Novice: 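Below you'll find the structure I mean.
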There are 2 protein chains.
Amino acid sequence: MKQSDIDDILINPDQYLRNVLVDNVIFGYHNKELKVLLQQPIALDKWTVTGGYIKKTESIEEAANRIAYSRTGLKNLFFQQFRAFGNPTRSIDGSKNAKNFTKLSGIEVPDDLWIFDYFVSVGFYTLTEFSMVKIEKGVYEAECQWWPIDDLPALMFDHEHIISEALKALRLHIAHYPIGYELLSEKFTLPEIHSLYETILGKPLDDRNFAKRLMATGIIVKLNETKRIGAHRSPFLYRFDKEKYNEGLENGAALAF
Amino acid sequence: MKQSDIDDILINPDQYLRNVLVDNVIFGYHNKELKVLLQQPIALDKWTVTGGYIKKTESIEEAANRIAYSRTGLKNLFFQQFRAFGNPTRSIDGSKNAKNFTKLSGIEVPDDLWIFDYFVSVGFYTLTEFSMVKIEKGVYEAECQWWPIDDLPALMFDHEHIISEALKALRLHIAHYPIGYELLSEKFTLPEIHSLYETILGKPLDDRNFAKRLMATGIIVKLNETKRIGAHRSPFLYRFDKEKYNEGLENGAALAF
DNA sequence: CTTTTATTCCGTTAAATATACGGAATAGTA
DNA sequence: TACTATTCCGTATATTTAACGGAATAAAAG
């Protein structure tokens, strides 16, 4: 939730949709590591993905973007809806109750307030270069930080499940559509994009076959420049052919590694 | 909506989630035809998919099942969530307003009642054998009937979009997981399952290669019986190997035709 | 200036998979 | 008995995927 979300929904409940919210699984890639952005509400010992409420004036996609912007400062991220989660017990955890809420917000709320009903969560995931992100912690968050995807802290509610479903969806997506535009610099080397795919898929990919297939799609083009990487042979630089890339996003680009 | 849903949500609004509902795209297959179950609210000229509100005591999956049961009389259908839809204009159509609502339900409702806020719709699709379905029309429905997938009537709101997304998801699903268990009799012939796949995918499939691949997955087994089909060679009967079939549902069964 | 180290960069071959396609067998009907 | 509509199989070819080793290069170390 952004800075004033908790306050805002209590003060202006009529401006928000009830019983439905957005949860963003923000994946961050940098230097061969895949991480996920989590936050820890004040006075609680478990972590959550970043999520928030939906205004009546915005679509669920706009809500996801607004909420992600409030945490990362980034706009126009690549977003993908992957699933909705909804059952009466998903947010029962001992932590979502009026007492904790009052402790957090300082606002006295009745025990049977509608915010303690169960919420259907619409899950989105997004991919960013995490060195570009300036994390903005919400006022009710004790912490907000990146966690390695294979070494997560204790998570609240069903958020571990949400993350694993998001990762599954991301890995499925990567097999059918191109990725990388938001994650690599404008010019990048083959080893760089190769590591990116290996990291996200969590498995090694033969470098020669990888390059062959990637080139075959036409989404990247080789430049006549190399990059200095110190005491090693200088790799060639490449860039995305944005048209082919977008076409791949539309119609699929078989990269089923 | 089932018989009393509209009444019920007005009388007992506290028992339902607000601003979020379930829409079921019910596909029906029979005799080489793929259809979708639509209903037409009384006094309106457009059609809708079958949908309904979610009780606070049930999960979204349970809601989808309950709502489908109220229309088809069938339980334990194969259900698949495919997407959520949510934006402020999705249900603006001239038809969702207090006047029409009163006309339908006979209950006077204020113009600014929360049910006229926008609802996030969680979309599920399901597949049934439509000769097995005994359609049960709701009291506020003028009609409820099957429509051929490629010849739909005028649809309300964004329901045409919802159906096309459901069909896209179904065709994607069929490429990765087995289908047919809910659609064919216990014993079926190769030509029968072959037509099923052709109909759903909307394109011809080579019969020899189809049979080869299907057998290779192990999800069907040949029986030592044939079926009488009149003046033609009697085709052999097959049945699903339920274990292999379920395993295919879990882990995928590459049938990418 | 020669050697060493770590990395990039290709190309070929074998195996697996997918595609294309024709003709014999069968159950009834005429 | 022959005719019709349908089931049922198998093989050859093309395409795709997977596996793999060795030469070239940039800098640092000796």
Side-chain angles (χ1 to χ4, degrees), chain A residues 31-32 171 174-176 178 180 184-185 187-199 201-239 248 251-257, chain B residues 31-32 171 174-176 178 180 184-185 187-199 201-239 248 251-257:
Chain A
N31 196 222
K32 306 195 184 187
R171 287 179 174 164
I174 204 180
H176 295 285
L184 299 169
S185 7
K187 298 173 180 181
F188 54 87
T189 68
L190 274 187
E192 281 165 0
I193 191 170
H194 180 226
S195 309
L196 169 64
Y197 271 77
E198 284 193 329
T199 304
L201 291 173
K203 66 180 183 191
L205 303 169
D206 182 278
D207 60 336
R208 291 152 288 189
N209 295 332
F210 176 83
K212 238 182 293 178
R213 272 206 251 177
L214 196 55
M215 290 305 291
T217 66
I219 62 173
I220 63 168
V221 296
K222 189 175 183 172
L223 302 175
N224 229 340
E225 313 167 53
T226 56
K227 179 175 183 176
R228 294 294 191 84
I229 54 159
H232 306 290
R233 177 171 181 175
S234 305
F236 281 97
L237 285 165
Y238 291 75
R239 63 167 179 75
N251 313 321
L255 282 170
F257 294 110
Chain B
N31 197 223
K32 306 195 184 187
R171 286 179 174 163
I174 205 179
H176 294 287
L184 299 169
S185 6
K187 298 173 181 181
F188 53 88
T189 68
L190 274 186
E192 281 166 0
I193 192 170
H194 180 223
S195 307
L196 169 64
Y197 271 77
E198 284 193 329
T199 304
L201 291 172
K203 65 179 183 191
L205 303 170
D206 182 278
D207 61 335
R208 292 152 289 191
N209 295 333
F210 175 82
K212 235 182 295 179
R213 271 205 252 176
L214 195 56
M215 291 305 292
T217 65
I219 63 173
I220 63 169
V221 296
K222 190 177 184 173
L223 303 175
N224 228 340
E225 314 166 54
T226 56
K227 179 176 184 175
R228 294 292 191 85
I229 55 160
H232 305 292
R233 176 171 181 176
S234 305
F236 281 98
L237 286 165
Y238 291 75
R239 63 168 178 76
N251 313 322
L255 281 169
F257 293 110

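Within every chain, numbering begins at 1; the chains are lettered A, B, ... in the order of the sequence lines, protein sequences first and strands thereafter. All figures in this text were calculated on a predicted structure; none of them were measured in a lab.
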Novice: Write down the distance between CG (B:Asn209) and P (C:dT17), rounded to a whole number of angstrom.
Specialist: 14 Å
Novice: How close or far is atom C1' of C:dT7 from atom CZ of A:Phe236, stated in whole angstroms?
Specialist: 14 Å
Novice: Indicate the atoms forming the closest heavy-atom contact of A:Lys222 with A:Phe236, along with that distance.
Specialist: CE-CG, 3.6 Å
Novice: Could you give the start and end, 5' to 3', of the contact zone on DNA chain D for chain B, using atoms under 4.0 Å from its heavy atoms?
Specialist: D:dA5 to D:dT11
Novice: Write down the atom of B:Lys32, the atom of B:Ser195, and the distance for their closest heavy-atom approach.
Specialist: CE-OG, 3.4 Å
Novice: Please tell me which of A:Asp206 and B:Leu237 maps to the more 5' nucleotide of DNA chain D, matching each residue to the nucleotide holding its nearest heavy atom.
Specialist: B:Leu237
Novice: Let me know the distance between NZ of B:Lys212 and P of C:dA16, rounded to the nearest Å.
Specialist: 17 Å
Novice: Hey, can you pull the residues of residues 223-233 of chain A with a non-hydrogen atom under 4.0 angstrom from DNA chain D?
Specialist: A:Arg228, A:Gly230, A:Ala231, A:His232, A:Arg233
Novice: Applying side-chain contact (heavy atoms from CB on, under 4.5 Å) to B:Leu190 and B:Asp207, what does each step give before you reach the verdict?
Specialist: CA-CA 9 Å; B:Leu190 274 186; B:Asp207 61 335; over 6 Å; no
Novice: Taking C-beta and beyond as the side chain, do A:Phe210 and A:Asp206 meet within less than 4.5 Å on heavy atoms?
Specialist: no
Novice: Looking only at heavy atoms, which two atoms of A:Thr226 and A:Leu237 are closest? And how far apart?
Specialist: O-CD1, 3.8 Å
Novice: Okay, side chain of A:His194, backbone of A:Thr189: is any donor-acceptor separation there less than 3.5 Å?
Specialist: no
Novice: Using atom CZ of B:Phe210 as one end and atom P of C:dA18 as the other, report the distance to the nearest whole Å.
Specialist: 14 Å
Novice: Show the nearest heavy-atom pair for residues B:Leu205 and B:Glu198, with the distance to one decimal.
Specialist: N-OE2, 2.7 Å
Novice: What's the CZ-P distance between A:Arg208 and C:dC10, to the nearest Å?
Specialist: 13 Å
Novice: Considering non-hydrogen atoms only, spot the tightest contact between A:Phe188 and A:Arg239 and give its length.
Specialist: CE2-CA, 3.8 Å
